[in-house]
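First listed ligand is number 1; within each ligand, the first listed atom is number 1.
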Amino acid sequence: MKNQFDYLVVGSGIAGLTFALKAAKSGSVAIVTKKDKLETNTNYAQGGIACVLGQDDSFDLHVRDTLESGDGLCHPDVVDLVVKTGPERVRELVELGVAFNLSTGDSSFDLGREGGHSRNRILHAQDMTGKAVEKVLVAAAEADPNIAIFENHLVLDLLIQHQSMKTGAVALYQEDTCRGAYVFDITGGRIHTFEANVVLLCTGGAGKAYLYTSNPDVATGDGLAIAYRAGAKLANLEFVQFHPTCLYHPAAKNFLISEAVRGEGARLIDKRGRAFMENYHPLKDLAFRDIVARAIDTEMKNSGDDCVFLDITHRDAEFLTKRFPNIYRRCLALGIDITKDPIPVVPAAHYMCGGILTNASGRSSIENLYAIGECACTGLHGANRLASNSLLEAMVFSHAAAVECAERLDSWRNRILAAVPDCPAKIGAENSSNSEMVMIAHNWDFIRRLMWNYVGIVRTDKRLALALTHIRQIKMELKEHMPKIPLSSDLVELQDLALVAELIIRCALHRKESRGLHFNVDHPAKGGEDWLKDTVVKKSAAEEFLTLPGV
Ligand code: SIN
């Protein structure tokens, strides 16, 4: 089956939905998402959206905090753009119906505080901000006749028309151009070709590359992997952000204790009740995220304890249950009453600061391929994202991309194009069998442990080199066995995750200094001017890739 649209949006979080709603004014939009449309990283965002709205705040202060957090690698023009146009994008969300919390007694927004912010500037809907945003955006997209949503559809690869492609003697394309994607309908068990004038990747991050993560299961780095295979440039993948405080409990999977809890006065303490952040940074518990995560890592390693604790018991119980109803309920269900008990927490992989390299309108290095949100590297986050800047970034870049695409759509529609080859709908190799399925589960687990132990918060050259050897071994195994295994989303995600893990390691090995989230004990200091640039990776002509069965 062939589907034709003006815009193919991959992912249904804040970036994909915001772009879709704007792009639908100029053309037809397909949103493909590999699970339920609500199953996105956005939906799990607790803290909120950083935005200059307070009386005591200013664009300059938000810019300064973002640059300081980014530790020398932010692109100042991008920081300016996001901070200064942010309030306009927030107003659009409010007009669509997102109900952010207001201050008691007046109609101004109740602005929270998170690590590294010098002012209160976090808009929030209690501690479920992402859910409130996602619900409103999905409802608007469903009501739009120009938007079709395909759930349980997983993108396998992009359709790239290469620069060299010619009709007779005439080169049709001056640059590699994205023409659509091959998409696996997971429920129907078939592969479909989606042709589009523009493809927009909004696939989120790759937290599942790590054993412990705050991310939902969908965060397998698919967008990064398919963009890399297509030949796009990726950057700064060494900067994996570990959130300092994920709930530590055997029955709690991926549950975050928002930084907003520290913004309301919570302190990090050890098992003996000793507060320790004053030993690490003058901002103590509200220091930048990389500093707090490393401090906890050090405390745990020195003490041998399994976790540290977050203590907010000094705040009024009624305030806590109203401000953090989700965290309160979840912890209580596990026997932790946050109004009375310190909360056991550990750091966990949370956010990928690098991604598909884009310009200020979200365009990648491949014509007609855009990337927005966590899968993109726009230059806003540098070496360490400032808390709650990501939803803001997604909205600003979705807007910029939609404006640019609408302007260019007519010229794209009028191009003379070579026919797109149909993807074979048959799935799996002739002799595919389930007998090697154990390999999927084993390698998933292996990669996540490997990344946690060797490519985590604190790195060494030796561990990184070992990790690279192991991951390449896994890729070889996959290459050999994949054609013998029936196509499934687990298999595709494993392939993508293995590639993204390798890219993270390569970027980390390249950076011979410590900066922001990348800390290497063999190079513990910040390097000189030479390191003040992005780490860019791109597929080399010689690189071989795993081929999906049936594709
Ligand atoms: C949180 O609520 O702590 C997460 C906010 C963020 O990662 O931006």
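- On a distance-only criterion, His350 and ligand 1 share at least one N/O pair closer than 3.5 Å.
- The side chain of Arg289, and not its backbone, has at least one atom closer than 4.0 Å to an atom of ligand 1 (non-hydrogen atoms only; side chain from C-beta on).
- The pair Glu95-Arg91 does not meet the salt-bridge criterion, since no charged nitrogen lies less than 4.0 angstrom from a carboxylate oxygen.
- In this structure, the ring of Tyr7 has its center less than 6.0 angstrom from the ring center of Phe19.
- A salt bridge links Asp305 to Arg272: one of the charged nitrogens lies within less than 4.0 Å of a carboxylate oxygen.
- Remark: distances from the non-hydrogen atoms of Glu114 to ligand 1 include one below 4.0 Å.
- Near Glu259, meaning under 4.0 Å from one of its heavy atoms, ligand 1 places the atoms 1 (C), 2 (O), 3 (O).
- The atoms of ligand 1 that sit less than 4.0 Å from any heavy atom of Ser388 are 5 (C), 6 (C), 8 (O).
- Residue contacts with ligand 1, taken as heavy atom pairs separated by less than 4.0 Å, involve Leu256 solely via side-chain atoms from C-beta onward.
- The shortest N or O to N or O distance between Gln46 and ligand 1 is not under 3.5 Å.
- In terms of N/O distances under 3.5 Å, ligand 1 is approached by Arg385.
- Residues passing the side-chain contact (heavy atoms from CB on, under 4.5 Å) test with Val78, sequence neighbours excluded: His75, Val82, Thr378, Leu380, Phe397.
- The shortest N or O to N or O distance between Gly47 and ligand 1 is below 3.5 Å.
- For the residue pair His124 and Asn101, a side-chain donor N or O sits within less than 3.5 Å of a side-chain acceptor on the partner.
- Among all non-hydrogen protein atoms, the one lying nearest atom 2 (O) of ligand 1 is Ser258 OG, 2.7 Å.
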